[in-house]
Amino acid sequence: MSYVDEVLERVKTKNASEPEFLQAAEEVLESLRPVIEANEETYRKEALLERLTEPDRQFKFRVPWVDDKGQVQVNTGYRVQFNNAIGPYKGGIRLHPSVNIGIIKFLGFEQIFKNSLTGLPIGGGKGGSDFNPKGKSDREVMAFCQSFMTELCKYIGADVDVPAGDIGTGAREIGYMFGQYKRIRGMYEGVLTGKGLTYGGSLARTEATGYGLVYITEELLKDHGMDMKDKTVVVSGAGNVAIYAIQKAQQLGAKVVTCSDSTGWIYDPEGIDVALLKDVKEVKRARLTEYAAARKSAEYHEGRGVWSIKCDIALPCATQNELLIDDAKQLVANGVTAVCEGANMPTTLDATKYLQDNGVLFICGKASNAGGVATSALEMSQNSQRLSWTFEEVDAKLQQIMVNIYHNIDDAAKRYGMEGNYVAGANIAGFEKVANAMLAQGVC
Ligand code: NDP
C-alpha cells in the first residue's frame, strides 16, 4: 500500500466521527500524492504525514455564562493548535451552533497550508464554540466572550497562538475577548487580530479576505487573458467575506447579482447595493428580507439558489459544503468561467472534481481566502513594531501577497505536471514549506 493510502486509512480509523476533518485530510493528501511519492522513503521514515494529521494539542472546555434573565447557560469551547513548524499558531474563532471538534480540526488543518501559502511566518490553529451570538444582547455576548477568554487565555499569547475572527466572531466579540485577556494576563500584546483600530487593529483587515479573493481572481483571469470588467458574478453569503468581495468586484467593473444568508438569497439584476447590504447586515444585523424590502430591483427567495443564476464567475463566501454537485452542474451548464472560494471548503469534493473536469478555473479557499490571515499577520507585525501602516500600504501588501500566491500555486502545479490544477498547486506549495521545516526541526 502506498504511504498516502496507509496514512489515509489510519486517519479514517482514528477520526471516524469527524466527517469534515476526513474530507479535508482526504482532499489534501490525495493532491499531495505526487510530492509524497517523490520523497516516500524519507517521509515514511520520519512519519511526516502521521505527524501532520495529528494536532500538536487540542483543548475542549466549559464556557458558563449568565443570560439576561439571570439563567446560567453552558457552552463548549475549543482550541486546536495544529502545527507551529513555521510560526505561532494562527487561526480564527468560530461561534456557531454547528461547531464541534471535527469542524474545528478541519479548519485548523486547512489553516496550516493556507498560512504557509501567505509566505509569512504563521502556523495553523483554529478555535470556536457552539455559542450562537444571533439574537443575544450585547451584554450576553460580552458575558460569553469573557468566560470563553477566561479559559482560553491560558493557552495563547502573541508568540504562542494568535486567534482571530471567523463566522460569528466580528469586531464586537474580538473587543470583548481582548479586554478580558488584558485584564487577566495584565499584558498589552497582539494576542488577537481583527482588533478595533483604536487598540492595535490594522487598517484593511476588515476588507482583507473579500478584497484578497477578488485580487487573486483578477490575477487568475489576467493569466488567462481576461479580467473582471463587465463580468457577471454570483456571490453566496452576506457576511464579512461576501460584503467586501462584492465591493471589490464592483470596483473592478464587475456586476455582482446575488448574495445569501442562512435563510434565503437575493437576486438583484441591477447589481447588489453594497451600502444597503452593509446597513442590513453590519448595522442592523437583520435578514436579507430587509434588503429586498428597501430595493425595487431585488428579488428575495427562501432557501438556497444562488448557483442557479447564469454567471461568468462564482464566489462562494458563506460556509463549508454549500456548493454541491448539482450546483456545479448548473454552473457549468450556464457557462461559468471561474469559481474561487471565499469561504473555507464551500465546494464538496465531487463538485470540485466536476468543475475541474469541465475546464472551469477553480481556486480553493486555502489559497483564495488567505488574504484575511495574511493581513492578520500584517497586524501582528504592526503590533510588534508598535506602528500602524496606512490603508494604502496594507492594501498594496495584500494585493502583492495574493498575486504571489497565485503564481506560487500555478508554478507548483506545473512542477508536478498538473498545470491548471490550482487545488493541487495550493496543497503542494503550502505543504513543501511546512514539511521542510518539520524535517529540519527533528522529531517533535
Ligand atoms: P460571517 O459570519 O460574517 O458571514 C457568514 C455568512 O454566511 C452569513 O451571511 C451567514 O448567514 C452565512 N451562513 C453561515 N452559515 C450558513 C449556512 N449553514 N448556510 C447558509 N449560509 C450560512 O462570516 P465570514 O464572512 O467571516 O466567513 C465566511 C466564510 O469565510 C467562512 O467559511 C469562514 O471560515 C471563511 N473565512 C473568513 C475569513 C475572514 O476573514 N472573515 C478568512 C478566511 C476564511 P447569516 O447572515 O444568516 O448568519
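Ligands are counted one by one from 1 in listed order, and the atoms in each one are counted from 1 as well.
Here the heavy atom of the protein found nearest to atom 35 (C) of ligand 1 is Asn344 ND2, 3.7 Å. At the top of the distance list for atom 18 (N) of ligand 1, counting protein heavy atoms only, stands Thr319 CG2, 3.7 Å. Residue, atom and distance of the protein heavy atom nearest to atom 29 (C) of ligand 1 are Ala318 O, 3.2 Å. Scanning all protein heavy atoms for the shortest distance to atom 41 (N) of ligand 1 gives Asn240 OD1, 3.3 Å. Scanning the protein heavy atoms around atom 34 (O) of ligand 1, the nearest turns out to be Asp166 OD1, 2.6 Å. If you check which protein heavy atom lies closest to atom 37 (C) of ligand 1, you get Val241 CG2, 3.4 Å.
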Review point. Are Trp307 and Asn334 close enough, and set up right, to give a side chain to side chain donor-acceptor pair (under 3.5 Å), and what steps lead you there?
Key: CA-CA 10 Å; Trp307 315 122; Asn334 283 339; over 6 Å; no
Practice item. Dump the intermediate steps for salt bridge (charged side-chain N to carboxylate O under 4.0 Å, His left out) on Glu27 and Lys366, then the final yes or no. Key: CA-CA 12 Å; Glu27 186 251 318; Lys366 69 172 70 71; 3.4 Å; yes
Exercise for review: Give the intermediate values and the outcome of side chain to side chain donor-acceptor pair (under 3.5 Å) for residues Asp56 and Gln81.
Suggested key: CA-CA 6 Å; Asp56 289 354; Gln81 297 179 338; over 6 Å; no
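Taking the ring centroids of Tyr406 and Tyr422, they lie under the 6.0 Å cut-off.
Among Ala242, Gly92, Gly239, Ala238, the residue whose heavy atom lies nearest to atom 4 (O) of ligand 1 is Gly239. The nearest non-hydrogen atom to atom 20 (C) of ligand 1, considering only Ser98, Gly365, Ala343, Ser262, comes from Ser262. Ranked by closest heavy atom to atom 2 (O) of ligand 1, the top entry among Gly210, Gly168, Ser376, Gly91 is Gly168.
At a cut-off of 3.5 Å, with distance as the only test, no side-chain donor of Asp268 or Tyr300 sits close to an acceptor on the other residue. Side-chain polar atoms of Asn83 and Tyr89 form no donor-acceptor pair below 3.5 angstrom. Judged by distance alone, the side chains of Ser308 and Gln330 never bring a donor and an acceptor atom under 3.5 Å apart.
For ligand 1, the atoms lying closer than 4.0 Å to a non-hydrogen atom of Ser260 are 9 (O). For ligand 1, the atoms sitting less than 4.0 Å from at least one non-hydrogen atom of Arg287 are 45 (P), 47 (O), numbered in the order shown with element in parentheses. Ligand 1 places these atoms under 4.0 Å from at least one heavy atom of Lys281: 46 (O). Close approach of ligand 1 to Arg205 (heavy-atom distance below 4.0 Å) involves ligand atoms 40 (O).
Remark: Lys60 fails to qualify as a cation-pi partner of Tyr78 under the 6.0 Å distance and 45° angle criteria applied to the six-membered ring.
For ligand 1, the polar-atom distance check finds an N/O of Arg94 within less than 3.5 Å of one of the ligand's N/O atoms. Here's the thing with Gly372: none of its N/O atoms is less than 3.5 angstrom from an N/O atom of ligand 1.
Under 4.0 Å from ligand 1, the heavy atoms of Lys134 that appear belong solely to its side chain. Here Thr209 has side-chain heavy atoms under 4.0 Å from ligand 1, and that is the only part of it that gets that close. Neither the backbone nor the side chain of Gln320 has any atom closer than 4.0 Å to an atom of ligand 1 (non-hydrogen atoms only). Within the 4.0 Å heavy-atom criterion, the part of Cys317 lying near ligand 1 is the backbone and not the side chain.
Heavy atoms from other residues, nucleotides or ligands lying under 6.0 Å from NZ of Lys136 number more than 12.
Closest approach of Trp265 to Leu288, counting heavy atoms only: CA-CD1, 4.4 Å.
A heavy-atom separation below 4.0 Å is not found between Thr263 and ligand 1. For Gly165, the heavy-atom gap to ligand 1 stays at 4.0 angstrom or more.
A salt bridge links Glu54 with Lys14; the closest basic N to acidic carboxylate O contact falls under 4.0 Å.
Among Arg94, His96, Met345, the one residue that satisfies the side chain to side chain contact (heavy atoms under 4.5 Å, CB included) test with Thr319 is Arg94.
Using cut-offs of 30° and 60° on the angle between ring planes, the pair Tyr188 and Phe178 is perpendicular.
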